[in-house]
Amino acid sequence: MIKRTLFGCALWLVLAAVFPVNAQTMSYADAIAQLAAACKNDIARYCRGVPLGPRLKTCFDTNEARMSPQCQQTRGMVYTSISRRAAAQRNIGDACSADIARLCGTSHADAHLVECLLSVSPATMSPQCNQTFTDTGWRTERARQ
């Protein structure tokens with residue numbers, strides 16, 4: 001039950017977070033694992049029995065100052081990374097519109113966008129598009145497969 005609660009808590013916190021950042025993004029699985037490991041005792045101490053959803057995030061927000069420095073630091077790092085990843089995935093069409101037209105032969109982000117951008121050298125992309133594509137996590141996820 002505690003493992004399931006920790007996993008659910010970490011998942012909800014990761015997905016609910018929206019903070020800007022300038023760091024490399026991490027995978028959702030890595031984010032969940034880091035939160036679960038760093039905040040295990042804090043979750044048990046301050047948020048035991050709090051159901052998943054907005055109340056759990058509220059519990060973390062309310063108790064942030066009392067949570068361990070390790071949990072606070074990890075939580076901030078995870079929130080910023082996941083927020084950057086989500087923003088990049090949401091904005092890839094806008095950030096890469098010229099590159100998509102030039103490199104993929106289309107004027108919009110279609111079903112083959114990821115495959116197209118993976119097939120070209122990062123050096124052929126504009127710096128903004130390359131960074132946005134990197135931040136989506138799609139390049140590293142495909143490399144792991």
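- Proximity of a side-chain donor or acceptor of Asp135 to a complementary backbone N or O of Arg85 within less than 3.5 Å is not detected.
- Atom CG in Leu118 sits 13.5 Å away from atom NE2 in His112 (nearest 0.5 Å).
- With sequence neighbours excluded, the residues satisfying salt bridge (charged side-chain N to carboxylate O under 4.0 Å, His left out) with Asp99 are Arg102.
- Judged by distance alone, with hydrogens and angles left aside, the side-chain atoms of Gln34 form no donor-acceptor pair with the main-chain N or O of Val78 at under 3.5 Å.
- At a threshold of 4.5 Å between non-hydrogen side-chain atoms, the residues Trp138 and Ile92 count as touching.
- Between the side chain of Gln72 and the backbone N or O of Met67, at least one donor-acceptor pair lies under 3.5 Å.
- In this structure, CG on Asn130 lies 8.0 Å from OG on Ser126, to the nearest 0.5 angstrom.
- Nearest heavy-atom pair across Cys71 and Ala38 is CB-O, 3.7 Å.
- Residue Arg45 holds its CZ atom at 8.5 Å from OG of Ser68, rounded to the nearest 0.5 Å.
- Stacking of Arg139 on the aromatic ring of Phe133 is not recorded, the 6.0 Å distance cut-off and the 45° axial limit not both being met.
- Rounded to the nearest 0.5 Å, atoms OG (Ser119) and CG (Leu103) are 8.0 Å apart.
- In this structure, the side chain of Asp30 does not engage the main chain of Met26 through any donor-acceptor pair within 3.5 Å.
- A side-chain donor-acceptor contact under 3.5 Å links Gln89 to the backbone of Thr136.
- Here the side chains of Asn63 and Asp42 are not in contact, with every heavy-atom distance at 4.5 Å or above.
- With values rounded to the nearest 0.5 angstrom, Leu117 atom CG is found 4.5 Å from Cys104 atom SG.
- The salt bridge (charged side-chain N to carboxylate O under 4.0 Å, His left out) test applied to Arg66 returns no partner, not counting sequence neighbours.
- Within 6.0 Å of CD in Gln73 there are 12 or fewer heavy atoms belonging to other residues, nucleotides or ligands.
- Atoms CD1 and CG, on Ile100 and Asp94 in that order, are 9.0 Å from each other to the nearest 0.5 Å.
- Arg75 and Asp61 are joined by a salt bridge, as a carboxylate oxygen and a charged side-chain nitrogen come within less than 4.0 angstrom of each other.
- Not a single donor-acceptor pair under 3.5 Å links the side chain of Ser81 to the backbone N or O of Met77.
- Closest approach of Tyr46 to Cys59, counting heavy atoms only: O-SG, 3.1 Å.
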